[in-house]
Novice: 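For reference, the structure I am asking about is given below.
Keep in mind the model is a prediction, meaning the values are calculated, not measured.
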2 protein chains.
Amino acid sequence: MVAAAAASRVRATSKDDILDAAEQLFALRGFDGTSMREIAEEAGVAQALLHYHFRTKEGLFEAMFQRRSDAINSSRLARLDQILDAGTPRIEEIIDALLRPTLEAGHDPARGGATFARLILTTGASSHAWQRALIAASYDAMARRYIAAIGKAVPGLSLADATWGYLFVIGAALTHMSPTGRADRLSDGETSDSDTETLIARATTFAAAGLRALAADAARPGPRAGDGGHA
Amino acid sequence: MVAAAAASRVRATSKDDILDAAEQLFALRGFDGTSMREIAEEAGVAQALLHYHFRTKEGLFEAMFQRRSDAINSSRLARLDQILDAGTPRIEEIIDALLRPTLEAGHDPARGGATFARLILTTGASSHAWQRALIAASYDAMARRYIAAIGKAVPGLSLADATWGYLFVIGAALTHMSPTGRADRLSDGETSDSDTETLIARATTFAAAGLRALAADAARPGPRAGDGGHA
DNA sequence: GTCTATAGTTCGATAGAC
DNA sequence: GTCTATCGAACTATAGAC
């Protein structure tokens, strides 16, 4: 335990090298599009070593996913605690605290871009039950805390609306965190999806107003689309 | 030409059967997670017939993707024309016209759910250049028309903001069009991501307010985060 | 812990009969 | 247009030496 912690401070172990290579390739090409051979080559080790450390491809994916998700979520929760300690939270602060750790996660300036966000979305939408379970195990507790904070920052928001709002923020921002050049093309160069500060700023403005509108809409009298008669 | 159109009206050809099977399986498991063998079995034909009709797996994917995308976008554009003909558009109408055709596309009530939305997102975020090119070829022209309409419905929106707004609407809604039960879980059963009308209604409220806020934010004096000095 | 070698399976694609 | 049969390459995982 102590030795392991000391070693991790000194230099990357082969286990870390494998996890780094796996994260890079899985994020880029997805679970099914990445082979154990490629990961081993990228990490500079024999393929059998991957199985020694992680048993199966699925085991390696889970270890890789948990490592980065834990880092993202501990950062998210630390920032949220700070915001809540300071008094009544502003919704813009909460959204920024939710998005920025993911944008910065695994953001290797030398390489492609922030592709772990893509991995979160595809893992959550996977047809493999174990991948969806991984999302639940890694993100649900953090999500509940943020949903509660959103409800606190925007009075009048029901739990249902706060949940949808949380999901919309995630979907809107994470979908475009891996730059594809599409924003550049569609705007004739007026903006760029490689500009992460623009993405965060616009997404925060967009989502904060969206959340307030969900609360305002719920406060209006009369039936509401999609409520299926629960009112 | 005439004969082909007549035949397509009469009954599904083996080509259609293959495209149907491919759409179902690709949408469920992705390009790399689906094999030609599985598609052939699902379609009830020999695997060699897939290569006879579409040459390669990539060719089959492209044909499948184009067929459904064309259907979605012609529906989107027809609705948009209708809205624009009626005078000054309301932003809520535009968002509904943008989202509903995708939600209904390939929505087989007998089976899983509206999973083509997932395929659109993963195809656009793919590391394969030919998949991103497929998105550009299928969706950019439609997107430009909607971005222009959004700018018309929300005065004060720059092309850059309208583009980001369009991308946020797509990301927020399409990410959650394939039900996973996550909304149900996070809200303790207060809402459900299987309820498509709730999704559309909430997403429309959320996004309409978000777009108006982007315009209002741009109108405020002073520098703005992420503009990198272009102001 | 790390390697080489390979077993056993599945894949995309093609050849060739009908 | 549709089939059976199969090639050659890639895959995950394991055995066993060091």
Side-chain angles (χ1 to χ4, degrees), chain A residues 1-8 10-26 28-65 126-131 134, chain B residues 1 3-8 10-26 28-65 123 126-131 134:
Chain A
M1 187 75 161
V2 174
S8 77
V10 173
R11 68 162 210 87
T13 65
S14 74
K15 213 167 168 174
D16 293 327
D17 290 341
I18 293 168
L19 288 171
D20 289 343
E23 180 175 328
Q24 180 174 323
L25 288 171
F26 279 136
L28 193 63
R29 301 200 241 271
F31 181 78
D32 292 315
T34 305
S35 73
M36 295 292 268
R37 278 173 167 76
E38 291 174 305
I39 295 171
E41 190 182 15
E42 176 73 26
V45 300
Q47 190 196 335
L49 195 57
L50 276 59
H51 289 96
Y52 170 79
H53 280 306
F54 305 100
R55 262 191 58 85
T56 63
K57 185 181 182 184
E58 183 179 324
L60 171 56
F61 185 90
E62 288 189 7
M64 171 279 303
F65 194 81
S126 168
S127 62
H128 297 298
W130 66 267
Q131 286 196 18
L134 201 50
Chain B
M1 189 72 160
S8 79
V10 173
R11 69 163 209 87
T13 65
S14 74
K15 214 167 169 174
D16 294 327
D17 290 339
I18 293 168
L19 287 171
D20 289 342
E23 180 175 328
Q24 179 174 324
L25 288 172
F26 279 136
L28 193 62
R29 303 201 238 271
F31 180 78
D32 292 315
T34 306
S35 74
M36 296 291 268
R37 279 174 168 76
E38 290 174 305
I39 296 171
E41 190 182 14
E42 176 73 27
V45 300
Q47 190 196 337
L49 195 57
L50 275 60
H51 289 96
Y52 170 78
H53 280 306
F54 305 101
R55 261 190 55 86
T56 63
K57 186 182 182 183
E58 183 178 325
L60 170 57
F61 185 91
E62 288 189 7
M64 171 279 300
F65 194 80
T123 302
S126 167
S127 62
H128 296 299
W130 65 267
Q131 287 195 16
L134 201 50

Novice: Could you state the interatomic distance from CG (A/Leu28) to CD (A/Glu38), rounded to the nearest 0.5 Å?
Specialist: 9.5 Å
Novice: Could you check how far CE of A/Met36 sits from P of C/dA5, rounded to whole Å?
Specialist: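 Checked: the CE to P distance equals 20 Å.
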Novice: May I ask you to test the B/Asp32-B/His128 pair for a side-chain heavy-atom distance under 4.5 Å?
Specialist: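 Answer yes - side chains close enough.
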Novice: Would you check if there is a donor-acceptor pair between the side chains of A/Asp17 and A/Ser14 at a distance under 3.5 Å?
Specialist: no
Novice: Rounded to the Å, how far apart are A/Glu58 CD and D/dA13 C1'?
Specialist: 14 Å
Novice: Atom CG in B/Leu49, atom NE2 in B/His53: separation rounded to 0.5 Å?
Specialist: 4.0 Å
Novice: Measure from the side-chain N and O atoms of A/Thr34 to the backbone N and O of A/Leu25, and report whether any donor-acceptor pair falls under 3.5 Å.
Specialist: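 Side chain of A/Thr34 to backbone of A/Leu25: a pair is present.
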Novice: Would you mind reading off the distance between B/Arg37 atom CZ and D/dA5 atom P, rounded to a whole angstrom?
Specialist: 13 Å
Novice: Please give, in whole Å, the distance from C/dA13 P to B/Ile39 CD1?
Specialist: 11 Å
Novice: Angle between ring planes, B/Phe31 versus B/Phe61, binned at 30° and 60°: parallel, tilted or perpendicular?
Specialist: perpendicular
Novice: Nearest whole angstrom, please: distance from the C1' of C/dG1 to the CG of A/Asp16.
Specialist: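 Spelled out: CG on A/Asp16 to C1' on C/dG1 is 14 Å.
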Novice: Can you check whether B/Ser14 has a side-chain N or O nearer than 4.0 Å to OP1 or OP2 of D/dT2?
Specialist: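 So the side chain of B/Ser14 is within the cut-off, an N or O lying under 4.0 Å from OP1 or OP2 of D/dT2.
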Novice: If you take any heavy atom closer than 4.0 Å to DNA chain C, which residues from residues 41-55 of chain A end up in contact?
Specialist: A/Val45, A/Ala46, A/Ala48, A/Leu49, A/Tyr52, A/His53
